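These notes concern the structure reproduced below.
Everything numeric here is computed off the predicted structure, so don't read it as measured data.
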Amino acid sequence: MSEALTPRDTRILEEAHRWRLRQGEADFSDADRTSFEAWRHKSARHAELYDFAVTMYHALGTLDAADLDADMLRRSGREHAVAVKHSTARFVARWPGRLAVFGSALAACAAMAVFMLRPVEPQNDDKPVTATYQSALGITKQHQLADGTIVTLGAASEITTAYTGGQRRVNLVRGAAYFEVAKDPDRPFLVAAGALTATARGTAFDVRRAAGITRVAVSEGSVEVGYPYVVNDSPTNLKTRRTVSAGEQIAAVPAIGLGTVRPIAIASVAAWRSKRLLYDGVALEEIAGDASRYSAVQVIVDEASGSLADIRVRGSFQSDDIDSMLNTLAEVYRLKIDRSTDGLVRIVALVPRRK
């Protein structure tokens with residue numbers, strides 16, 4: 001976007017910043033999300049300027065003051081996010097003359113983000129102490145890690161650990177894990193699950209991966225969750241970060257990014273430890289992924305039979321009785337459970353896909 005803003009564009013950009021700020025507020029609801037999506041899809045220009053506004057905000061938040069001129073550094077006395085909003089509007093209004101300068105700065109910012117996301121090479125005198133922990137199909141298992149942290153693995157789950165003198169790093173390879181983190185003020189405790197990171201020092205929280213969706217729920221203390229910022233369904237080198245506290249949860253989806261922080265009953269965090277699978281509006285693919293870890297057969301969603309993407313499941317099921325869970329889903333959501341293939345269960349729509 002290299003042209004100067006028209007008055008209409010300026011109005012849309014201001015609205016875009018208001019939506020950006022609104023989405024970070026604790027009371028941002030599903031109804032608000034629906035209103036935002038309607039606004040964003042009102043026109044191609046709305047979508048373009050919103051993506052531009054958010055990308056600019058994150059980029060400017062990481063640039064050094066030397067990269068910006070006097071106009072960009074003025075503050076209105078309000079919070080930093082609002083100041084950046086107005087600075088961005090002034091910057092865009094003079095876009096043609098600053099494109100080259102900002103392009104270089106943004107490229108440097110992106111390069112720095114890529115560098116920061118790389119695993120740090122350990123020094124020779126601080127080689128990581130590594131270990132791998134696994135659980136079997138249908139079985140949860142508890143381990144004590146090298147620092148005293150207690151981890152409970154969900155069924156068919158796996159983690160690897162790499163501890164140094166400066167950091168405790170855990171990678172959730174698959175499944176689910178609940179961490180009761182030993183306090184160590186000198187070494188943060190970081191869990192990586194795909195592109196998501198969850199960092200704590202002494203707290204208790206659950207991390208789960210299924211069908212490409214990663215969820216974090218906290219029962220004690222707080223966790224900083226980071227995930228790549230998504231523009232036009234693609235991840236960028238910029239990261240969105242949220243603080244999730246006790247009694248809160250958050251989810252990350254590759255095509256959408258990091259969602260909003262939502263409340264959760266503390267008793268429901270990692271309920272799978274007591275053989276309960278709790279769902280509050282999740283897709284069938286996520287249900288199938290969990291069911292496959294607690295069953296002797298693989299469970300999949302057969303999208304070829306009909307459109308099932310809009311189904312969102314709410315309910316509580318026993319992890320040691322996956323057959324009952326599938327039968328309940330079939331009854332409530334008008335599905336067919338196809339067990340005709342050995343070792344495989346298909347969740348099929350009763351209503352065929354319309355052509």
Side-chain angles (χ1 to χ4, degrees), residues 1 13 15-42 44 46-62 81 84-85 88 106 109-118 171-172 190-199 205-218 222-245 248-264 280-283 285-286 289 309-310 312:
M1 185 174 65
L13 187 61
E15 292 172 354
H17 280 291
R18 283 196 291 270
W19 276 117
R20 177 185 61 74
L21 291 168
R22 182 72 182 94
Q23 289 180 82
E25 296 173 354
D27 62 345
F28 189 75
S29 65
D30 288 339
D32 292 329
R33 169 67 61 183
T34 299
S35 297
F36 162 67
E37 291 296 340
W39 175 89
R40 188 171 184 268
H41 291 94
K42 187 175 181 179
H46 278 70
E48 179 188 13
L49 287 172
Y50 176 77
D51 290 342
F52 175 76
V54 177
T55 300
M56 284 284 291
Y57 171 73
H58 285 284
L60 291 173
T62 62
V84 171
K85 177 187 73 172
T88 302
L106 183 56
C109 172
M112 179 61 73
V114 172
F115 175 79
M116 291 175 67
L117 290 174
R118 288 184 191 156
N171 180 37
L172 177 62
L190 184 148
V191 177
L196 179 142
T197 58
T199 306
F205 63 103
D206 172 37
V207 184
R208 291 185 290 141
R209 302 180 69 181
I213 300 170
T214 309
R215 298 183 181 275
V216 176
V218 181
S222 63
V223 175
E224 182 188 76
V225 178
Y227 196 77
Y229 177 71
V230 175
V231 176
N232 296 329
D233 299 330
S234 298
T236 68
N237 289 327
L238 302 172
K239 267 201 171 183
T240 301
R241 300 184 187 276
R242 302 272 191 276
T243 298
V244 185
S245 300
E248 295 180 336
Q249 61 181 329
I250 198 167
V253 182
I256 299 174
L258 196 60
T260 57
V261 177
R262 298 180 180 277
I264 183 175
D280 184 15
V282 306
E285 286 83 357
E286 195 170 349
D310 293 336
R312 291 293 180 269

Worksheet entry | R209 side chain to L172 backbone, donor-acceptor under 3.5 Å |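 Here the side-chain-to-backbone pair exists.
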Discussion item. Using only atom types and a distance under 3.5 Å, with no angle test, would you say the side chain of E286 pairs donor to acceptor with the backbone of A283?
Written reply: no
Check [X] against [Y] and note the closest heavy-atom contact, atom names and distance.
X: I264; Y: A217; value: CD1-CB, 4.2 Å
X: A198; Y: V223; value: CB-CG1, 3.5 Å
X: Y50; Y: W19; value: CE1-CB, 4.3 Å
X: R312; Y: G281; value: CD-O, 3.4 Å
X: V207; Y: A193; value: CG1-CB, 4.0 Å
X: R241; Y: E224; value: NH1-OE1, 3.6 Å

Nearest 0.5 Å, please: how far is [atom2] in [Y] from [atom1] in [X]?
X: L13; Y: R18; atom1: CG; atom2: CZ; value: 10.0 Å
X: I250; Y: T243; atom1: CD1; atom2: OG1; value: 9.5 Å
X: L190; Y: N171; atom1: CG; atom2: CG; value: 10.0 Å
X: E15; Y: W39; atom1: CD; atom2: CH2; value: 6.0 Å

Worksheet item: Do the non-hydrogen side-chain atoms of F205 and V244 ever get within less than 4.5 Å of each other?
Response: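 When only atoms from C-beta onward are counted, V244 and F205 do not touch, as no gap falls below 4.5 Å.
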Worksheet item: If we only count heavy atoms from C-beta on, is the L196 to Y227 side-chain gap below 4.5 Å?
Response: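 Answer yes - side chains close enough.
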Worksheet item: What residues form a ring pair (Phe, Tyr, Trp, His ring centres under 6.0 Å) with F28, not counting sequence neighbours?
Response: none
Discussion item. More than 12 heavy atoms of other residues, nucleotides or ligands under 6.0 Å from CG of D27: yes or no?
Written reply: yes
Item to complete: Evaluate side chain to side chain donor-acceptor pair (under 3.5 Å) for D32 paired with S35, printing each intermediate quantity in order.
Response: CA-CA 5 Å; D32 292 329; S35 297; 5.4 Å; no
Donor-acceptor list for residues 252-263 side chains, cut-off 3.5 Å, not counting sequence neighbours:
from, atom 1, to, atom 2, distance (Å)
R262, NH1, D30, OD1, 3.4
R262, NH2, D30, OD1, 3.0

